[in-house]
Amino acid sequence: MISIRNLSRDFYSGELKQTVLKNINLEIEGGDFLTIMGPSGGGKSTMLHIMALLIEPTTGEVYYNNNKLNFKDEKALDNYRRDNIGLIFQNSNLISCLSPLENLIIAMNSKESYSSKKKKCKELLDKVGLSHKYNSKVSSLSGGEAQRVSVVRALVNNPKVILCDEPTGALDSVNGKKVIELLINIRKERKCTLIIVTHDESIGELGERKIYLKDGELHEMDRNIQNI
Ligand SMILES: Nc1ncnc2c1ncn2[C@@H]1O[C@H](COP(=O)(O)OP(=O)(O)OP(=O)(O)O)[C@@H](O)[C@H]1O
Ligand SMILES: [Mg+2]
């Protein structure tokens, strides 16, 4: 489903070049569940943002369903993202003057009625323990509450691929567990691909495929046969 070939990414600060990803190769099948771990600055977010088609690789290719993506074609990338990808950012990136419910509804691209959208969004907010905050302003939410809204926002369009950048980074263990359970259940129900970047080893362990990114190099641990 996603194929990453000979990919590298450089960043410059002034004249100084930093190679953040080095010759990465990765084949991801529909329905795979990957966790990505590794030290801070190792390139995890960069890798995830390339998979979300938000950052262009310096060299190499990204294929979705055997189609090679052209990173110069913004419109095609937008369409691809809209139809395939749900992204949970490391920072929640919500619109702070709107409520959780409004943030979710405007992110939805289905043609169903407003009331049916509202019902779906409420159900998802309930699952992450936010039933009492539907209509609060996002600016009044705690960091963890906002993060849970952003998790739900990534799910509203039934994406084929869910990309999560430290989805439990701002959460206590109870709410973190709820979010991970929601993601795992949604992946089971919808048979979508789930990729979670995390610093939490207990979450990293859950992946059926475990990736380790360090100094821009990708290593895959042995497959976890028990979970497959
Ligand atoms: N837009 C940018 N411009 C310059 N350097 C960047 C940019 N984005 C990322 N970097 C650099 O690339 C390196 C990898 O960053 P990245 O965010 O991918 O790391 P990470 O593995 O997600 O780290 P963390 O666990 O702290 O989130 C860092 O050294 C960072 O400073
Ligand atoms: Mg990061």
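Ligands are counted one by one from 1 in listed order, and the atoms in each one are counted from 1 as well. The shown structure was predicted, so the numbers you read here are calculated from the model rather than taken from an experiment. One-based numbering along the sequence shown.
- Near ligand 1, heavy-atom contacts under 4.0 Å come from Phe11, Gln18, Val20, Pro39, Ser40, Gly41, Gly42, Gly43, Lys44, Ser45, Thr46, Gln90, Glu166, His199.
- Closest approach of Thr193 and Glu29 over heavy atoms only: OG1-O, 3.6 Å.
- In the displayed structure, Lys127 atom NZ is contacted under 6.0 Å by at most 12 heavy atoms of other residues, nucleotides or ligands.
- Side-chain atoms of Asn157 and Arg82 form no donor-acceptor pair, as typed in the model, at a separation below 3.5 Å.
- Residues satisfying the side chain to side chain donor-acceptor pair (under 3.5 Å) criterion with Ser173, sequence neighbours excluded, are absent altogether.
- Ser8 and Thr59 share a donor-acceptor pair across their side chains, judged by distance under 3.5 Å alone.
- Each of Ile36, Thr198, Ile211, Leu21 was compared with Lys44 under the side-chain contact (heavy atoms from CB on, under 4.5 Å) criterion, and only Ile36 meets it.
- Among protein atoms, those of element N, O or S found less than 2.8 Å away from the Mg ion (ligand 2) are Ser45 OG, Gln90 OE1.
- Scanning for side chain to side chain contact (heavy atoms under 4.5 Å, CB included) contacts around Gln18 gives Val20, with sequence neighbours left out.
- A salt bridge links Glu56 to Lys72: one of the charged nitrogens lies within less than 4.0 Å of a carboxylate oxygen.
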> Does the pair Glu208 and Arg187 meet the rule for a salt bridge (Lys or Arg N to Asp or Glu O under 4.0 Å), with working shown?
Replying inline: CA-CA 12 Å; Glu208 290 174 354; Arg187 176 221 169 204; 3.1 Å; yes

